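Each chain gets a letter, A, B and so on, in the order the sequences are listed, and its residues count up from 1. Computed from a predicted model, the values in this text were never measured in an experiment. Worth knowing before you read on, the calculation uses all heavy atoms, side chains too, and leaves out hydrogens, waters and symmetry mates.
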Amino acid sequence: MSSAYKHKSIEEAIQKRWHKEERYVSKVDDREKYYCLSMFPYPSGKLHMGHVRNYTIGDVISRYKRMQNFNVFQPMGWDAFGLPAENAAIANKVSPSDWTSQNIENMKTQLKSLGFSYDWSKELRTCDSNYYKWEQLIFKKFYDAGLVYRKKSLVNWDPVDETVLANEQVIDGKGWRSGAQIELKEIDQWFIKITDYAEELLDSLDNLDWPENVKLMQKNWIGKSYGAEIKYKIDGQDKYLTTFSTRPDTIFGVSFLAISPNHSLSIELSENDKNISEFLEKCKEAKAAEADIAKAEKLGIDTNIKVVHPLTDKKIPVWIGNFVLLDYGTGVVMGVPGHDTRDYEFASKYGLEINQVIETDSTELPIIDKGVLVNSGKFDGMSSEEASQKIIKELIELDKGKELIQFRLRDWGVSRQRYWGCPIPVIYEESLPKMVNDKDIPVELPKLTRNSLPTPLNQNEDFINIGNNLFRESDTFDTFMDSSWYYARFTSADNDNEIFDENTNYWLPVDLYIGGIEHAILHLLYSRFFHKALRDIGLLDGDEPFKRLLTQGMVLKDGAKMSKSKGNTVDPQPYIEKYGADTVRLYMMFTSPPEQSLEWSESSVEGAARFLKKLWNLVNDRQNIELNNKFDFSKDELELRRKSHSTLKKVEHDYEVRFSFNTAIAAIMELLNSIPESYKEEKATDSQKFCLNEVIVFSLKMLSPIAPHICEHLWNNFQTNESCIESSWPKFDEDIIESEEFELIIQVNGKVRGKINIDKNLEEEEIKNIALEVDNVSNNIGENQIKKVIYVKDKLINFVI
RNA sequence: GGGGAUGUGGUGGAACUGGUAGACACGCUUGGCUUAGAACCAAGUGCCGCAAGGCGUGGGGGUUCGACUCCCUCCAUCCCUACCA
């Protein structure tokens, strides 16, 4: 009788061996490389099931590729700067630095206990000055390349705490701690010109092996649109308001212009008009987040200023509207209520004219679709497309507009008014900013004195005032800066003298990048931008950082994404202790396909544990006996061999092409279920033992990327001639998979009426006759005449009556 | 508001290219083993129906010999929306 499966001692022993052998420390060699990267975590305290899912996927692929003789690089690090460390510091009186280090230690221990094959020799922490010094240098280089500028921009201001709040910290318009009404406040901030790369970021999406939905999201986010810039002369003044519209064909329907509350004209008018200044004050009581602006009630106020319509000379009112964003386009919107939902709503509310200038089949305004022009003077009767061109041409002739391509993408504001981040390497002299000298980099983040709260750096006199009337920049970088280039730094993480080195060229680009779908736009777009900008500076090669992308779906709990900040995490630790890492990994992979979101439930953890136990009972205490394979296999034996080889083929496809680990596992379960009991007995024949051994060898190999500890342990006891389970991946034999027969599905009018095994060599006519003989088929056809026969080779025949 | 996804038994899911709906598991039911339990083993398990058979992939409509799969429409849920990461 075999001994019981003891996951704890096996996993500890195997992990110890990996560590001792330095098995996963990677070195450049002449094999084909495979850089497999999972998004590094924010060290929030403990791992949760979302992490386990993400990192198991990466580890399965890394281990599979290693067995295929690729030189695999799988590093891990920490996205260690960010808001939660400051919150924890305030709540628990620990410094952000200590809190972060402690969390990293905890989570690293957890990652190790799960048996992930990371190359820990390349570990990174973004909060180390050894990491962020390079980030400060990159920023300087971006500045030298003309990619950095300063501009005023809006933030959420808490007037009680006198701090800037993240969108997440504003709840129903109130500060989450103070409860004070938040105001929009304009402050100077640093921006990076990601828009210089808008066109390339859009175009090169086509060449990426990424999921289509992610490419589409990025495309829509960049938002290239073709339209016209149209100038409206302010009545009685020699000034113009400039708008952008993608629908110049609707220009005869313009009944108002709406300008942003932050537009210079709005501010100018508010100085002498109490109503307007009150309205602008009210507009400040908003949240900066786009979703909130879009959902807020549309409010406006008439400025009493009129502009002149460029084609009709009609006088048109100018309103201030709270829904107009200054950052997008020109901060002026031309209102066409007949053909735009938002404009329609606004015009209805304030009694502005609603004119129809486009006709379609629809009778109800607003009509959003393109159509044929009406009420548009000489353009009547033209299609939207034709009219757009002619109208732009006319505007150009009148010098009142031009054709324009516009992007939705805005420049990247990287300033944060926070302590726990990378200091921005700038010094001000008489308010004029200058980059710090290279020799003064890194600008180290000052340590907090004991028990002091993490206040923004502008309150740290020792840090900002460096004498001689010189002052340091007190803002820190957006943490998206830290995560935009870490994938590249991993390749040279142990090099203190250079940012990147010859290893960088060997490992980049990342062959497979794995992470949550929530990063589909921002993080992935910023990283793509960084790569291109670093290329143009001469620091990196290639156009894109991530060749292939796998976006995993959210792990949900109580209907929302599992995260520390939402307080709905599930800690894997109790499961690792009770069932072992292999079971947890197997369960996570078995429970759903990676791209799908998954509501957490432990309902079938037991099933995964049971399966490994079954595997253990089958293989443990069994030895692989070397047998000559010149057997005259029986039908049943051949059937099992066919199953072994076809399962191997399927698993390869599922691991490599589909990332469909749940179906791969199901196939292996089926294979083990299909072994006849007698093959496992002592008295089984040699040919039966041969078939059983084949199942075991294939199964251990196929499962080892998912459940590496138990498979390696069983392998060492079972196999004698190949020491390491990881040293190869088996090969399937297509000849064995090929079968002489197939199961024919017989339908009558598309409904299944019979199934029968058919020799593959038979002709269609013979198959048809055999099918018609089947009882249930002939009964269903009865006296009816067969109108049509549809035959799908090796699959199905359908009689239409 | 905008953008992107998802929706299949009691539960997680399978069906990869328009061709057997429910693989593989969980749970449950019955039986075996056991002093009892755990564990394990065997059989059953979409719904209605005694059966023959019929119905069935979020709702409604369409295309097709044939639709979970394609088209239209509606509903629900999740993610992102530029300062959570």
query = From the list B:rG1, B:rC40, B:rC26, which nucleotide is the closest neighbour of the side chain of A:K613?
reply = B:rC40
task = With heavy atoms under 4.0 Å as the rule, sort A:E599 into base, sugar-phosphate or nothing.
result = nothing
task = Output yes when A:K193 and A:D411 qualify as a salt bridge under the 4.0 Å nitrogen-oxygen rule, no when they do not.
result = no
key: Aromatic ring proximity A:W485/A:F477, centre distance under 6.0 Å   = no
query = Does A:N673 put a side-chain nitrogen or oxygen below 4.0 Å from OP1 or OP2 of B:rA25?
reply = yes
ask   = Which part of the nucleic acid, if any, lies within reach of A:A608 when heavy atoms closer than 4.0 Å are counted: base, sugar-phosphate only, or nothing?
value = nothing
inquiry  = Please report the distance separating the C1' of B:rU69 from the corresponding atom of B:rG7, rounded so that it comes out in whole Å.
reply    = 14 Å
task = Look at all strands and tell whether A:S415 reaches a base, only sugar-phosphate, or nothing, counting heavy atoms closer than 4.0 Å.
result = base
ask   = Heavy atoms under 4.0 Å, any strand shown: does A:V792 hit a base, just sugar-phosphate, or nothing?
value = base
key: Interatomic distance at P, B:rG27 relative to B:rG19, whole Å   = 33 Å
ask   = Among A:L147, A:L202, A:L525, A:I222, whose side-chain contact (heavy atoms from CB on, under 4.5 Å) with A:Y197 holds?
value = A:L147
ask   = OP1, OP2 of B:rC55 versus side-chain N and O of A:K751: anything below 4.0 Å?
value = yes
key: Nearest-angstrom distance, P atom, B:rG66 to B:rU20   = 15 Å
key: Any-strand Watson-Crick or G-U partner of B:rC40, both distances under 3.5 Å   = B:rG32
inquiry  = Give me the distance, rounded to whole Å, that separates B:rC26 from B:rG9 when you measure between the C1' atoms they each carry.
reply    = 13 Å
request  = Would you mind pulling out the nucleotide paired to B:rU45, Watson-Crick or G-U wobble, both distances under 3.5 Å?
outcome  = B:rG27
ask   = Which part of the nucleic acid, if any, lies within contact of A:K287, taking any heavy atom under 4.0 Å across all strands shown: a base, the sugar-phosphate backbone alone, or nothing?
value = nothing
Rounded distance in Å between the P positions of B:rC71 and B:rA85 = 38 Å
inquiry  = Please give the distance between the P atoms of B:rC68 and B:rC16 as a whole number of Å.
reply    = 12 Å
query = With a non-hydrogen cut-off below 4.0 angstrom, is A:P593 in contact with a base, only sugar-phosphate, or nothing?
reply = sugar-phosphate
inquiry  = Less than 3.5 Å apart, any donor N or O on the side chain of A:T479 or A:R418 sitting next to an acceptor on the other?
reply    = no
task = Provide the distance between the two C1' atoms, one in B:rG4 and one in B:rG18, to the nearest whole Å.
result = 26 Å
key: Base partner of B:rU57, which must satisfy Watson-Crick or wobble distances under 3.5 Å   = none
request  = Please state the C1' separation for the pair B:rU63 and B:rC72 - nearest whole angstrom.
outcome  = 11 Å
query = Which side chain to side chain donor-acceptor pair (under 3.5 Å) pairs, counting each pair once, include a residue from residues 668-678 of chain A, with sequence neighbours left out?
reply = A:K643-A:E670, A:E677-A:K680
